[in-house]
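The structure appears below as structure tokens.
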Amino acid sequence: MAVSPHLTLVDGSGYIFRAYHSLPPMTRPDGTPVNAVYGFTTMLLKLMADSASDHLAVVFDAGRRTFRTELYPAYKAQRPEPPEDLVPQFAVIREAVRALNVPCLEREGFEADDLIATYARHARAQGARVTIVSSDKDLMQLVRDGVDMLDPMKNKTIGPTEVMEKFGVPPTRVVDVQALAGDSVDNVPGVPGIGLKTAAQLISTYGDLDTLLARAGEIPQPRRRQMLQEHADDARLSRELVRLRDDLEISETLADLGLTKPDPETLRAFLSENGFRSLLARVEAVCGPAPAGTPATAAASPAVDDYHLVTTVAALEPWIAEARHAGVVAVDTETNSLKARTATLVGVSLATRPGRACYIPFAHQPPHSGTLALDGPATGPFAIDDRDGALALLGELLADPGVLKVGHNIKFDLHVFKGVGLDTVAPLDDTMVLSYVLDGTLHGHGMDELAERHLGRTTIPFEAVCGKGKTQITFDRVPLDKALAYAAEDADVTLRLHKVLRPRLLAERLVRVYETLDRPMVPLLAAMEQAGVMVDPLRLRALSETFARRMGDLEDEIHGLAGHPFNVASPKQLGEVLFDEMGLPGGKRSSKTGAWSTDAQVLDTLAGDGHVLPARVLDWRQYAKLKSTYTDALVEDIDPATRRVHTTYGLTTTSTGRLSSNDPNLQNIPIRSEDGRKIREAFVAPPGHRLVSADYSQIELRLVAHVADIKALRDAFAHGQDIHALTASQVFGVPIEGMDPLLRRRAKAINFGILYGISAHGLARQLGITRGEAGAFIEAYLARFPEIQAYMDRVKEEARAKGYVETPFGRRIPTPGISDRNPVARAMAERQAINAPIQGGAADIIKRAMIRLPDALAEAGLTARLLLQVHDELIVEVPKTELDALVPLLRRTMRDTVALTDDKGRTTVPLEVDVGVGGSWAEAH
DNA sequence: CGGATCACG
DNA sequence: GACGTACGTGATCCGG
């Protein structure tokens with residue numbers, strides 16, 4: 001059966017910039033930067049593997065001058081030059097495309113978009129389907145029946161519906177809308193005062209641009225009418241600029257663009273030259289099997305994986321010996337649950353070198369069949385012959401100081417091993433943490449994703465082994481042959497990832513961050529999770545009842561006020577009651593869904609105007625939140641065996657280096673409201689103990705004073721002054737003595753704004769003042785503390801030049817959006833870049849203190865233990881008898897483990913720690 | 001499963 | 001008055 005051809009056209013420039021900005025700097029041995037080359041190559045390889053299309057071409061821009069710059073010299077004139085380390089990569093990327101045997105299309109005097117339009121038209125004429133790979137909105141005008149787009153950023157297909165969402169008109173009218181709205185980034189003039197929304201509305205009303213311009217006199221709004229009449233020629237010019245030319249002469253026919261396998265030797269040569277060793281391993285997959293006699297590459301591994309099932313201690317012994325001999329072993333556990341602390345150990349896999357691994361079953365069930373005996377008697381073995389003997393051997397290996405244990409998210413395995421009495425796993429490395437330190441949140445750190453990315457290997461998905469949804473089985477029910485293939489691969493892949501990632505630490509100067517900040521956190525967090533915190537269920541249940549009663553009363557009152565019952569928890573129904581039925585003023589519709597907004601800000605304004613219903617809903621919401629998220633849910637999270645709640649900390653989740661806490665989240669337990677704070681009374685110390693809470697005072701502002709080197713702030717901190725009052729006195733020119741509390745509150749908001757990468761709008765919103773007033777405050781602030789502006793400029797520049805920013809301790813935080821063409825997205829990336837070293841620096845400091853603490857406690861002979869971390873606060877459980885010794889020790893450890901110093905080692909800003917003690921968290925705080 | 005809302009630092 | 005609003009998280013609920 002003939003299948004219609006399918007042509008994929010890749011917007012090469014978009015791909016290049018995406019590759020460049022999504023990867024940290026990389027260089028090949030001769031110093032040439034290659035991060036964009038590498039990213040581009042992997043993206044194109046992935047596209048070739050995933051795409052169902054049989055024709056492919058990559059289209060490039062040929063230069064800056066095009067027929068459009070002839071027409072209108074300002075067009076795209078303010079585009080910044082590409083980063084200097086990207087320029088030399090353009091030529092290499094064209095080499096990459098050629099090495100992959102993919103045609104490159106480009107034409108002097110035209111943009112890539114025009115070639116794409118032209119080739120798309122020809123392909124359609126020959127009955128082919130077309131997919132354009134790009135996230136450039138300018139290409140959306142080409143979408144039609146048989147032509148769609150693939151946005152590689154979001155991995156999302158763009159068809160007529162998506163174009164309609166973006167522009168408010170069908171693809172055929174996109175150029176008209178763009179002609180009216182213009183584009184400040186590309187210098188397309190458009191008509192002043194008309195943006196995307198208005199343009200779409202006008203075009204929808206009048207049909208097309210020419211009709212609109214002809215009938216502009218009918219526009220009711222005087223200003224809009226005048227603008228349209230005065231700028232009609234600008235609109236026509238704009239249309240010529242944005243409309244793509246699809247009538248270029250073509251140099252290749254559709255047949256010339258047919259997908260062909262690359263020549264393996266050419267491809268190998270290219271990959272070797274650029275040092276893409278991990279990609280070399282994929283050449284066979286891309287080009288077909290290598291001819292006999294091809295020399296093995298550096299990343300060579302057995303052609304067939306050497307995986308073994310180990311069911312006797314006698315068979316296990318040589319594996320342990322092999323691991324000792326190698327000095328490195330990858331370890332992975334299989335369990336019947338994702339709750340590591342309580343999971344049953346089902347099996348363990350070990351990998352001793354790439355491609356060689358074993359699986360030791362500990363608790364597999366006999367195969368399950370509906371009617372017994374139908375498959376004959378179940379035959380073993382389903383577990384290793386001598387469980388205790390095997391665990392003893394394994395325990396020695398795990399504790400052997402001469403053997404590095406490598407795991408992927410090894411914190412999970414530490415809990416599982418602890419569950420079978422194996423307490424010591426050291427030394428250890430974690431490939432998930434390595435990946436996080438190297439690449440931050442540029443991509444996920446799951447093993448499957450990393451295997452694909454770094455090894456070009458598609459791993460067996462868990463669901464392929466255990467199924468999913470209702471029919472999912474636990475791992476102990478998986479037949480041993482499948483369990484072996486899955487589990488051994490996990491250990492194998494972990495070891496291979498370690499070989500790729502560990503050397504990058506040194507090359508990219510991240511050894512210190514990994515070794516002194518994140519790796520030591522792994523066993524420490526495991527111990528904190530294991531310890532848990534004691535929670536009093538009676539206290540929580542009593543609160544639940546109180547909250548339920550108040551909610552019931554409020555609900556009755558709300559329904560009465562509305563005149564009928566409705567679901568108060570439904571923002572949709574509430575919005576209809578408030579704005580459609582009651583006709584209250586001030587309704588805002590969300591731009592996305594068109595639903596009425598009913599958030600606290602909106603309700604608070606209405607309540608302030610004397611409306612009772614919104615005020616009651618605010619109260620109801622507070623109780624609903626406290627009850628469902630905390631008092632009800634936390635009771636369920638108490639482990640009956642320990643009577644404690646055990647959270648799980650995320651070490652590789654946040655963009656800045658902070659921890660996260662989940663299942664349950666113990667980093668967002670209420671404190672700001674009176675009712676909410678009561679929940680902390682349920683977090684208690686066991687009999688004979690106390691909880692101690694110690695938190696850093698103003699740590700992020702201190703970091704600002706340090707990184708931006710602000711003399712006035714440094715002095716204020718050095719002298720222990722009230723920092724917000726000082727700010728108010730500087731900005732508003734009032735004395736500190738007898739200050740108006742309103743001014744101090746405003747200064748405090750400005751200080752927070754600085755941490756967040758201040759904007760007049762954000763500050764205005766926070767303080768309920770006008771944008772102009774907020775702007776004036778910021779101006780006054782920057783005049784008083786001029787170093788802040790220099791810091792912000794410096795950070796933005798660093799982000800643009802390197803693609804990342806750094807904390808004072810060397811942690812790298814990628815800033816992928818920093819050169820985004822969309823000014824809103826770019827501004828957000830800039831604020832993130834400004835905030836990241838501050839938030840991340842504070843995270844580094846508390847991590848250092850946490851890592852130091854167990855040793856400090858041991859040296860002092862104390863048994864107190866760390867239970868919780870909440871970003872700038874540590875909660876420790878301590879026997880009453882140790883209290884007097886612990887409090888000063890904890891304070892000193894947090895305050896003095898890390899010092900903020902200048903390049904001569906002098907302290908720039910001191911740290912301070914507030915400590916509280918009590919029988920509950922509420923009391924201690 | 002995405003969006004709205006709201007708890008924390 | 002075009003664009004959309006401060007930085008970083010996770011849990012719960014609704015509604016398609």
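Only this structure's heavy atoms are used, side chains among them; waters, hydrogens and symmetry mates stay out. For clarity, every value in this text was computed on a predicted model and none was experimentally measured.
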Which is true for [X] with a 4.0 Å heavy-atom rule: it touches a base, it touches only sugar-phosphate, or it touches nothing?
X: A/R672; result: base
X: A/Q832; result: sugar-phosphate
X: A/I671; result: sugar-phosphate
X: A/L196; result: sugar-phosphate
X: A/T198; result: nothing
X: A/G757; result: nothing
X: A/L755; result: nothing
X: A/G182; result: nothing
X: A/A827; result: nothing
X: A/A833; result: nothing
X: A/R831; result: sugar-phosphate

What is the distance from [atom1] of [X] to [atom2] of [N], rounded to the nearest Å?
X: A/L666; N: C/dT9; atom1: CG; atom2: P; result: 18 Å
X: A/H231; N: C/dA2; atom1: NE2; atom2: C1'; result: 14 Å
X: A/F752; N: B/dC8; atom1: CZ; atom2: P; result: 13 Å
X: A/D820; N: C/dC3; atom1: CG; atom2: C1'; result: 13 Å
X: A/W596; N: B/dT5; atom1: CH2; atom2: C1'; result: 19 Å
X: A/K197; N: C/dC3; atom1: NZ; atom2: C1'; result: 9 Å
X: A/N751; N: C/dA6; atom1: CG; atom2: P; result: 18 Å
X: A/K137; N: C/dC3; atom1: NZ; atom2: P; result: 12 Å

Indicate the ring-plane relationship of A/F579 and A/W596, choosing parallel, tilted or perpendicular according to the 30° and 60° boundaries.
tilted
Return a single string for nucleotides 10-16 of chain C, one symbol per nucleotide in 5' to 3' order, where B is base contact, S is sugar-phosphate-only contact and - is none, cutoff 4.0 angstrom on heavy atoms.
BBSSSS-
Think A/T598 has a side-chain N or O under 4.0 angstrom from the OP1 or OP2 of B/dT5?
yes
Donor-acceptor pair, distance only, cut-off 3.5 Å: does the side chain of A/Y696 make one with the backbone of A/M894?
yes
Short side-chain to backbone donor-acceptor contact, A/D186 and A/V188, under 3.5 Å
no
Distance flag, aromatic centroids of A/F777 and A/Y781, threshold under 6.0 Å:
no
Could you measure between the two [atom1] atoms, the one in [N] and the one in [M], and give it in whole Å?
N: B/dT5; M: C/dA2; atom1: P; result: 25 Å
N: C/dG1; M: C/dT5; atom1: C1'; result: 15 Å
N: B/dA4; M: C/dG4; atom1: P; result: 14 Å

Check this for me: A/Q221, atom CD, are more than 12 non-hydrogen atoms of other residues, nucleotides or ligands nearer than 6.0 Å?
yes
So, [X] and [Y]: side-chain donor and acceptor under 3.5 Å apart, yes or no?
X: A/E873; Y: A/S693; result: yes
X: A/R621; Y: A/T598; result: yes
X: A/S661; Y: A/T647; result: yes
X: A/E700; Y: A/N835; result: no

A/T656 vs A/G195, nearer the 5' end of DNA chain C by closest nucleotide
A/G195
If you go through the side-chain atoms of A/Q839, does one of them form a donor-acceptor pair with the base of C/dC7 closer than 3.5 Å?
yes
Which listed nucleotide (C/dT5, C/dC7, B/dT5) is nearest to the side chain of A/N835?
C/dC7
What is the pairing partner of B/dA7, taking Watson-Crick or G-U wobble pairs with both distances under 3.5 Å in any strand?
C/dT9
